[in-house]
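Keep in mind that the numbers below use all heavy atoms, side chains included, and drop hydrogens, waters and symmetry copies.
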Amino acid sequence: MSDTSCPSVSYQLNGDVAVVGLDDGKVNVLTHEVIAALHESLDRATQEAKAVVMAGRPGKFTAGFDLKVMQSGPEAASNLFRAGMDLFVRLYEFPLPVVAACTGHAFAAGAIWLMCCDVRIGAELDVKIGLNETAIGMVLPHSVVALARDRLSPRHVHSSVLLARLYSPDRATDVGFLDWVVPAEELEEAATAEAAGLAEGLSLNAFAGTRRVIRGPVASSVREMLDDDTKSFTVGLS
C-alpha cells in the first residue's frame, strides 16, 4: 500500500488498476481530509493507471459525510457538502473507468458516490444502501436529484429520493445503486478483475470522448446547480 495524505485512504497499483481504499476503522465517514486524499489518489491514477477500483472497509462502504461537521453549523455543512459533490462530479466525469467495490452500508453521500461510478459491485451482506436524507431532515439538493435521475431506474427514483428507501444489495441492483453482487469474500477480486478487463478492453481515448458525450450535459447541469445548492444547503435531524 502507498501512503496518502490521510491514513484512512490507501492507494495500490495492481497492474493497470489503481485500487483506492477507504478504511477509518469505524464507519468510513467523509471528511475534508479524506476527500483531499481521494483527489490525490485520482490524480495519481490518471498518471499511471488505466482503471480505478474504489473500495470501503468490510461491512462499511461509507456512512456519508461526517455528521459532526454537518451538525456544527450551516457554513461547515455546506462547505463539506460542496467538497464531497466536487469529488463525486469528478468521478462522474473521470477519464478512466471507475469500479466501486461496495463493501457494506452505503448511506447518503455513500449512495451518491456509487451513482457516480461506472460499475458498482456489492458484497452479499445484510447491509443497506440508499439516499436516506429526507429521513434525517435534509432536503435533497437539485444536483443530487439530477444524478439520481440519470443513474437510477426511473421506476425507483421517486421512492429513493423522496421516500428515503434503503435497500439490500440484491434490491439495490434493481434500483440502480449496484450492478451486481458477489459473496463478500470474492468482492475485491471481482472488482479488480472487472477493472482490469475494462483497462484492457477499452480504448481510453474513445472512453474519455464518449464519456463527455454521454455524461457531459448532465455534469454541466449539475455543476451549474451546485452554486445554488451550496448556498441553500441545510441538514438537521428530526
Side-chain angles (χ1 to χ4, degrees), residues 1 4-12 19-42 53-73 76-88 91 98-117 120-138 140-141 144 147-148 160 164-172 175 177-178 181-185 187-188 191 233-238:
M1 292 290 181
T4 70
S5 62
C6 173
S8 298
V9 177
S10 62
Y11 180 100
Q12 181 178 16
V19 180
V20 181
L22 174 59
D23 185 350
D24 65 5
K26 299 176 183 178
V27 296
N28 271 9
V29 296
L30 297 175
T31 64
H32 285 288
E33 182 183 23
V34 165
I35 291 167
L38 291 172
H39 274 296
E40 291 172 13
S41 297
L42 293 176
V53 170
M54 307 196 85
R57 67 187 303 269
K60 300 286 190 301
F61 184 65
T62 175
F65 295 124
D66 186 347
L67 197 57
K68 291 180 181 178
V69 176
M70 301 304 278
Q71 294 179 321
S72 66
S78 63
N79 287 343
L80 185 56
F81 164 77
R82 181 57 185 259
M85 287 300 296
D86 285 341
L87 172 67
F88 298 147
L91 283 174
V98 180
V99 177
C102 185
T103 49
H105 294 292
F107 300 138
I112 302 170
W113 189 349
L114 291 175
M115 292 193 299
C116 292
C117 295
R120 295 79 45 87
I121 308 174
E124 287 181 342
L125 294 170
D126 182 16
V127 298
K128 298 298 182 182
I129 297 166
L131 298 164
N132 64 333
E133 280 83 349
T134 61
I136 62 170
M138 174 184 161
L140 267 173
V144 176
L147 289 169
S160 297
R165 300 291 193 205
L166 296 178
Y167 306 95
S168 68
D170 281 337
R171 287 284 292 131
V175 176
F177 289 112
L178 297 177
V181 297
V182 298
E185 64 273 15
L187 179 58
E188 182 179 352
F233 183 82
T234 58
V235 64
L237 291 174
S238 59

To the nearest 0.5 Å, tell me how far F61 CZ sits from F107 CZ. 13.0 Å

Any side-chain heavy-atom pair of L30 and W113 under 4.5 Å: yes

Output for pair (T134 OG1, R165 CZ), nearest 0.5 Å, gives 9.5 Å

Are any non-hydrogen side-chain atoms of I129 and R171 less than 4.5 angstrom apart? no

Salt bridge (charged side-chain N to carboxylate O under 4.0 Å, His left out) filter on D170, not counting sequence neighbours, yields none

What verdict does the side chain to side chain contact (heavy atoms under 4.5 Å, CB included) test give for E124 and L187, after you've listed the backbone C-alpha separation in whole Å, the side-chain angles of each residue and the deciding distance to 0.1 Å? CA-CA 9 Å; E124 287 181 342; L187 179 58; over 6 Å; no

Answer with yes or no whether the side chains of S5 and E40 bring together a donor and an acceptor at under 3.5 Å. yes

Any T62 side-chain heavy atom under 4.5 Å of V27 side chain: no

Hey, does R82 have a side-chain heavy atom less than 4.5 Å from the side chain of D86? yes

Any donor-acceptor pair under 3.5 Å linking the side chain of D24 with the backbone of V29? yes

List the atom of A37, the atom of C6, and the distance in Å for their closest heavy-atom pair. CB-CB, 3.5 Å

Please check this pair: side chain of H105 against backbone of K60, looking for a donor-acceptor N/O pair closer than 3.5 Å. no

One should read off an interatomic distance between T4 OG1 and H39 NE2, to the nearest 0.5 angstrom, of 13.0 Å

List the atom of V144, the atom of L140, and the distance in Å for their closest heavy-atom pair. CG1-CD2, 3.6 Å

Mind running side chain to side chain contact (heavy atoms under 4.5 Å, CB included) on L80 and I35 for me, showing each step along the way? CA-CA 9 Å; L80 185 56; I35 291 167; 3.9 Å; yes

Student check: side-chain heavy atoms of L87 and L42 closer than 4.5 Å: yes

Would you mind reporting whether S160 and V175 have side-chain heavy atoms less than 4.5 Å apart? yes

Please check this pair: side chain of R57 against backbone of K26, looking for a donor-acceptor N/O pair closer than 3.5 Å. yes

I'd like to know if the side chain of R120 reaches the main chain of A100, judged simply by a donor and an acceptor atom lying under 3.5 Å from each other, with no hydrogens or angles considered. no

Decide yes or no for I112 and L147: does some side-chain heavy atom of the first lie under 4.5 Å from some side-chain heavy atom of the second? yes

Is a side-chain N or O of S8 found less than 3.5 angstrom from the main chain of L22, in a donor-acceptor match? no

Would you say F177 and P169 make side-chain contact, with heavy atoms under 4.5 Å? no

Can you name the nearest heavy-atom pair linking P7 to E33, along with the distance? CD-OE2, 3.9 Å

Which heavy atom in S41 sits nearest to a heavy atom in V9, and how many Å separate them? OG-CG1, 3.9 Å

Of all heavy-atom pairs linking A111 and L131, the shortest is CB-CD2, 3.9 Å

In short, L178 meets V181 closest at the heavy-atom pair CD1-CG1, 3.9 Å

Please check: side-chain N/O of S78 versus main-chain N/O of F233, any donor-acceptor pairing under 3.5 Å? no

Using the rule given for side chain to side chain contact (heavy atoms under 4.5 Å, CB included), can you reason through I121 versus C102, listing the C-alpha separation, both sets of side-chain angles and the distance that settles it, and then say yes or no? CA-CA 6 Å; I121 308 174; C102 185; over 6 Å; no

